[in-house]
**Student:** 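Pasting a structure here, questions to come.
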Amino acid sequence: MEKLRILFLGTPDFALFSLRALSEAGYEIVGVVTQPDKPKGRGYELLPPPVKVFALEKGLSVYQPNTLRDEAFAELLSGIDPNLIVVVAYGKILPENVLDYPKFGCINVHGSLLPEYRGAAPMQRAIIDGKKMTGITTMKMEAGLDTGEMYEKAALAIGENDNFEVVHDALGELGAKLLLSTIQKLEAGQLKGTPQDDSKATYAKKIEKEDCRLDFSGSATKLHNLIRGLSPMPLAVTTLPDGKLLKVVESRVSDLTLSGAPGTILSTDGGKITVACGCGAIDLLTLIPEGKKKMSAKDLINGRRVSVGDRLGDSCG
RNA sequence: CGCGGGGUAGAGCAGUCUGGUAGCUCGUCGGGCUCAUAACCCGGAGGUCAUGUGGUUCAAAUCCCAUCCCCGCAA
């Protein structure tokens, strides 16, 4: 079979696992397409996406088009002339002329067991929903959102205290492995697609700001799932009694049996801030107060910012 | 020049407005109590208050100026 000429499309750290694997496996990467540098952080500093940084280190050709839907990109594509496109968390929808271009099609690495959690934030949503299992699916890309035929799957167990970072990294690695496996099957002419059962499809919507608010009237387990699903980015948020924001990095479902109005701090013993929820209570372990660095609950208590009886989340509006 | 908070003992903070003895909660060290303890009691050590040996003042953590660093928001 003819040698693969791979064009890689991807942007964040999650994509990096796969790009690195392709690179280390010795595949010919004829180009890397990633999102343009964007003004980020304080002072709007222009920062390159992680994939770009890696690609430049490896001496790969990097392209950062604003859109894939114009003449310029079509010309670029035929200039590069890839016979396989690999897409991992690129961040833009691919138009049909791009999907149709490579002889061996477009392979996507998706962070869920399709058809569940199609869409932008599959890993976060799976954790937030309290799933015990998730995984990676490699699939053939088509026009619909994550609707194409599935090639291979690999499952991953989610521990009750695993956060987004843990799952993200584990799935990133798993995704890279599965991608190599899928490409090997392709090279061997053994790649077979399985259609998705659309009736079982669910969607993982992008995480919005409102999704990050902690509502203490919910159950402790639900709150814990939200906190770890959003940790370390963008983080679940509530408010201190003085109205300042308080982000929660790490939590545990509490075994404390005290109860009180949702949001009330029941205890600050043992370096944990135990907060009453609608059902049960939750221990807040690591936090970031507005304008401050990440700190342990113990530090927050020692600094006298919170004490038993205080209410969190009252100014959530 | 996007908006804002902050840099005081190993940690988290107060003190700054209204200049005048360096304080709190922890940690740490020593002693005590206890069958025992992460609990309790007593005592100690530890700080050029980010930097400029800058300006004002009899006197600056505090007021003024400049610089460096950290962080939250927003994108």
Side-chain angles (χ1 to χ4, degrees), chain A residues 10-15 34-53 64-67 89-93 119-121 124 161 163-165 168 205-216 223 226-258 263-275 281-317:
Chain A
T11 303
D13 288 314
F14 186 73
T34 191
Q35 297 280 345
D37 295 3
K38 280 183 186 158
K40 282 191 169 185
R42 256 161 260 122
Y44 291 105
E45 196 183 347
L46 215 55
L47 290 179
V51 159
K52 178 184 180 182
V53 177
Q64 299 178 280
N66 285 312
T67 176
Y90 171 57
K92 280 193 172 98
I93 307 276
Q124 295 94 318
N161 292 320
N163 66 11
F164 173 49
E165 182 174 40
H168 169 278
K205 275 185 313 191
K206 200 175 131 188
I207 305 290
E208 303 288 350
K209 215 174 119 187
E210 310 84 75
D211 299 325
C212 302
R213 277 243 119 93
L214 287 171
D215 175 7
F216 289 104
L223 287 161
L226 182 67
I227 288 165
R228 61 201 180 95
L230 299 178
S231 180
M233 272 289 284
L235 292 177
V237 68
T238 184
T239 47
L240 290 163
D242 65 2
K244 294 265 175 73
L245 289 177
L246 180 66
K247 295 183 159 189
V248 184
V249 178
E250 196 186 0
S251 64
R252 290 287 184 275
V253 172
S254 175
D255 48 17
L256 207 68
T257 51
L258 287 172
T264 305
I265 294 176
L266 300 172
S267 158
T268 54
D269 292 343
K272 304 176 291 191
I273 299 174
T274 306
V275 183
I282 188 164
D283 292 333
L284 307 182
L285 304 182
T286 310
L287 311 126
I288 303 178
E290 184 175 338
K292 291 295 181 181
K293 294 184 203 202
K294 181 165 80 176
M295 66 178 71
S296 64
K298 198 169 150 191
D299 284 342
L300 199 74
I301 296 160
N302 280 339
R304 298 299 180 82
R305 282 166 171 269
V306 295
S307 46
V308 174
D310 285 349
R311 299 270 313 257
L312 298 180
D314 272 354
S315 7
C316 275

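Residue numbers begin at 1 in each chain, while the letters A, B, ... track the order of the sequences. Just so it is clear, the values below take in all heavy atoms, side chains as well, and ignore hydrogens, waters and symmetry mates.
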**Student:** Is the NZ atom of K294(A) crowded by more than 12 outside heavy atoms at less than 6.0 Å?
**Tutor:**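 Open: at most 12 neighbouring heavy atoms sit under 6.0 Å from NZ of K294(A).
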**Student:** Can you tell me, in whole Å, how much space there is between the P of U56(B) and that of C65(B)?
**Tutor:**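 Roughly 15 Å separates the two P atoms.
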**Student:** When you measure from the side chain of T34(A) to the backbone N and O of G10(A), does any donor-acceptor pair fall under 3.5 Å?
**Tutor:**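 Present.
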**Student:** Who passes ring pair (Phe, Tyr, Trp, His ring centres under 6.0 Å) against F216(A), sequence neighbours left out?
**Tutor:**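 Residues passing ring pair (Phe, Tyr, Trp, His ring centres under 6.0 Å) with F216(A): none at all.
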**Student:** Quote, to the nearest angstrom, the C1' distance that separates A38(B) from A66(B).
**Tutor:**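 Roughly 48 Å separates the two C1' atoms.
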**Student:** Say we look at U18(B) and U28(B): how far apart would their P atoms be, to the nearest angstrom?
**Tutor:**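 My reading of the P atoms in U18(B) and U28(B) gives 41 Å.
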**Student:** Which heavy atom of P48(A) sits nearest a heavy atom of D37(A), and at what distance?
**Tutor:**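 The answer is CA-OD1, 3.3 Å.
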**Student:** Quick one: does any side-chain atom of T238(A) pair with a main-chain N or O of L246(A) as donor and acceptor, under 3.5 Å?
**Tutor:**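 No, the answer is negative, given that no donor and acceptor are paired below the 3.5 Å cut-off.
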**Student:** How long is the line joining NZ of K294(A) and P of G12(B), in whole Å?
**Tutor:**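 Going from K294(A) (NZ) to G12(B) (P), I get 13 Å.
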**Student:** Looking at C3(B), which nucleotide sits across from it as a Watson-Crick or G-U wobble partner, both distances under 3.5 angstrom, or is there none?
**Tutor:**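 For C3(B), the partner nucleotide comes out as G72(B), under the 3.5 Å rule.
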**Student:** Distance check, C1' atoms only: A60(B) and A22(B), in whole angstrom units.
**Tutor:**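 About 14 Å, rounded to a whole number of Å.
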**Student:** Mind checking if K40(A) touches a base, just sugar-phosphate, or nothing, with heavy atoms under 4.0 Å?
**Tutor:**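 Base contact - K40(A) has a heavy atom under 4.0 Å of at least one base atom.
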**Student:** Look only at the side chain of K205(A) and the backbone of G119(A), and say whether a donor-acceptor pair between them is shorter than 3.5 Å.
**Tutor:**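 Looks like no, no N/O pair under 3.5 Å.
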**Student:** Tell me which nucleotide among G12(B), C26(B), C24(B) gets nearest to the side chain of R304(A).
**Tutor:**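 Side chain of R304(A) sits closest to C24(B).
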**Student:** Mind checking the C1' distance from G19(B) to U34(B)? Whole angstroms is fine.
**Tutor:**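 Those two atoms are separated by 50 Å.
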**Student:** Can you work out whether R305(A) or L245(A) has the more 5'-proximal nearest nucleotide on RNA chain B?
**Tutor:**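 Its nearest nucleotide lies further toward 5', so the answer is R305(A).
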**Student:** Could you measure between the two P atoms, the one in C42(B) and the one in G47(B), and give it in whole Å?
**Tutor:**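 Taking atom P in both C42(B) and G47(B), they lie 25 Å apart.
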**Student:** Using atom names, set out every protein N or O paired with an N or O of nucleotides 7-11 of chain B below 3.5 Å, distance rounded to 0.1 Å.
**Tutor:**
residue, atom, partner, partner atom, Å
A11(B), O2', D299(A), OD1, 3.0
A11(B), O2', D299(A), OD2, 2.9

**Student:** Considering only side-chain heavy atoms of R42(A), which listed nucleotide, C70(B), A75(B), C3(B), is closest?
**Tutor:**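 Closest of the options to the side chain of R42(A): C3(B).
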